[in-house]
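Residue indices begin at 1 and follow the sequence shown.
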Amino acid sequence: MERPPLVLVDCDTGVDDALAILYLAADPQVEILAVGTVDGNVAAELGAENSLRALEVAGRPTVPVAIGARAPLLQESRHAEHFHGQDGLGDSHLPPPGGRPTDEGAVEQMLRLARSRPGEVSLLALGPLTNVALALGVEPRLPELLREVVIMGGAVACPGNQSPWAEFNIAHDPEAAEMVLRARWRRCTLVGLDVTGEAILEPAGHQRLGGSVAAEFASRILAQQMRTNHRFELCDPLAAAILVDRSLATFQRLPVSVDLDGRHTRGATVADRRTTLAPTEEEARPAVEIAMAVAADRFLAEFSRRLGSYG
Ligand code: BDR
Ligand code: CA
């Protein structure tokens with residue numbers, strides 16, 4: 001039996017990041033050590049505000065929230081307000097949070113936590129990987145210092161959502177993602193569109209959300225998406241769920257590179273599936289565990305149960 005995780009969440013809170021925080025915080029076994037935010041769905045400052053809102057609704061107002069990278073490493077930022085709303089929470093116009101972000105930066109927070117509890121902290125990366133890449137640049141031992149990293153990102157054997165080949169978190173900062181995927185983590189798990197495409201909340205499931213303050217909050221931030229798209233892909237909550245319970249998914253162990261140069265394929269996650277040809281020295285990199293199938297019904301039932309379980 002694995003020990004319950006101590007989790008550091010790195011995110012760009014958006015609707016599904018907020019739902020992932022609620023999913024995790026409903027688990028009495030999970031200790032959320034801290035949250036760090038990164039430029040992605042929204043600006044890192046707004047992501048921090050939204051993370052504070054979610055933590056307060058979840059009854060965890062003392063979890064520190066730190067602001068991190070305000071832009072990708074090389075390219076210009078393109079937020080996703082068209083999808084997550086101007087406020088990042090489905091234009092739900094919620095009151096501001098009671099708390100405020102810490103004075104420490106998200107990269108410094110990540111380094112401090114990893115160094116102070118070597119081998120114990122699980123990093124759940126739900127946004128672009130800029131903070132993680134910056135932390136790796138400062139501390140090359142980060143992959144040994146963390147217990148594991150679970151990333152929501154990539155589209156290995158399915159279409160992307162930001163471009164035909166690339167998923168949003170990777171496409172937002174491909175250079176950062178490439179640095180992270182070639183590092184030698186103790187364990188690195190990729191939860192990409194290959195499986196999140198199965199984790200769909202339908203209108204009926206949305207209507208059933210209720211019975212707790214957290215479920216009401218979830219229902220409200222999802223309302224715009226339900227009105228316009230009649231469905232919502234629970235990308236970040238699924239990554240959180242797999243961090244807590246790996247039996248929800250099955251994995252393929254393969255090295256993954258991020259395409260940085262393609263005119264049509266920049267940001268694509270390219271898995272090396274060759275079995276007969278050895279990679280060249282330049283191509284050689286550690287295998288990551290790619291979630292390729294998921295017990296979606298079990299996950300969706302657990303999602304509703306957890307949101308309803310708040311007092
Ligand atoms: C990912 O991109 C963001 O819009 C979501 O929060 C999720 O992390 C899905 O591609
Ligand atoms: Ca996200």
Side-chain angles (χ1 to χ4, degrees), residues 4-9 11-35 37 41-42 46-65 84-85 87-100 124 126 152 196 199-245 248 294-311:
L6 302 175
V7 184
L8 167 62
V9 184
C11 52
D12 57 338
T13 309
V15 175
D16 61 331
D17 305 74
L19 297 175
I21 290 172
L22 294 181
Y23 187 98
L24 272 188
D27 193 331
Q29 298 276 326
V30 171
E31 188 178 342
I32 305 178
L33 293 175
V35 171
T37 65
N41 288 324
V42 293
L46 182 53
E49 248 186 58
N50 290 340
S51 304
L52 286 163
R53 284 190 171 100
L55 287 164
E56 288 170 13
V57 166
R60 308 259 187 134
T62 57
V63 173
V65 176
H84 290 269
D87 63 359
L89 293 180
D91 290 325
S92 49
H93 308 294
L94 291 158
R100 55 179 300 277
L124 177 62
L126 302 176
M152 191 284 125
T196 62
I200 305 296
L201 187 72
E202 309 271 358
H206 177 237
Q207 273 156 24
R208 279 197 300 273
L209 285 176
S212 78
V213 178
E216 299 295 339
F217 171 88
S219 173
R220 187 158 163 190
I221 68 176
L222 282 160
Q224 190 178 64
Q225 280 293 320
M226 286 295 160
R227 266 195 314 273
T228 52
N229 292 335
H230 311 290
R231 72 202 290 274
F232 187 80
E233 194 166 326
L234 294 165
C235 298
D236 292 342
L238 182 63
I242 289 174
L243 186 150
V244 175
D245 178 4
L248 280 171
V294 66
D297 290 345
R298 186 149 68 84
F299 161 68
L300 288 166
E302 183 62 6
F303 176 78
S304 308
R305 189 196 70 72
R306 284 185 179 224
L307 264 59
S309 73
Y310 284 93

Where Val42 and Thr13 come nearest, the two heavy atoms and their spacing: CG2-O, 3.6 Å
Taking every non-hydrogen atom, the tightest pair across Leu52 and Pro97: CB-CB, 3.7 Å
Between CG on residue Asp87 and CG on residue Asn50, distance to nearest 0.5 Å: 6.5 Å
Nearest heavy-atom neighbours spanning Cys11 and Val35: SG-CG1, 3.6 Å
Salt-bridge contact Arg220-Glu216 (side-chain N to carboxylate O under 4.0 Å): no
Any donor-acceptor pair under 3.5 Å from Arg306 side chain to Tyr23 backbone: yes
Sidechain-backbone polar pair: Asp236 side chain, Leu19 backbone, donor-acceptor under 3.5 Å: no
Heavy-atom pair with the smallest gap, counting every atom of Asn41 and Asp12: N-OD2, 2.8 Å
Which residues share a side-chain hydrogen bond (donor to acceptor under 3.5 Å, both in side chains) with Arg227, sequence neighbours left out: none
From CE (Met152) to CG (Leu243), nearest 0.5 Å: 14.0 Å
Side-chain heavy-atom pair Phe217, Ser92 within 4.5 angstrom cut-off: no
Exercise: identify the closest heavy-atom pair between Val63 and Ala34: CG1-CA, 3.7 Å
Main-chain N/O of Ala26 paired to Tyr310 side chain as donor or acceptor, under 3.5 Å: yes
Set of side-chain hydrogen bond (donor to acceptor under 3.5 Å, both in side chains) partners for Asp245, sequence neighbours left out: Ser247, Arg298
Pair up each side-chain donor or acceptor in residues 200-215 with any protein partner under 3.5 Å, not counting sequence neighbours, and list the distances.
from	atom 1	to	atom 2	distance (Å)
His206	NE2	Ser219	O	2.9
Ser212	OG	Ala214	N	3.4
Ser212	OG	Ala215	N	2.9
Ser212	OG	Leu307	O	2.6

Ser51 backbone acceptor or donor facing Asp17 side chain under 3.5 Å: no
Gln225 side chain to Gly90 backbone, donor-acceptor under 3.5 Å: no
Presence of salt bridge, Arg305 and Glu302, under 4.0 angstrom: yes
OG1-CD1 distance between Thr62 and Ile32, expressed to the nearest 0.5 angstrom: 10.0 Å
Closest non-hydrogen atom pair, Leu24 against Arg60: O-NH2, 4.4 Å
Check: Asp91 side chain, Gly85 main-chain N or O, donor-acceptor pair, under 3.5 Å: no
Spacing of Phe303 atom CZ and Leu234 atom CG [to the nearest 0.5 Å]: 5.0 Å
Straight-line distance of Leu89 CG to Arg53 CZ, nearest 0.5 Å: 6.0 Å
Approximate separation, where rounding is to 0.5 Å, of Thr196 OG1 and Leu238 CG: 7.0 Å
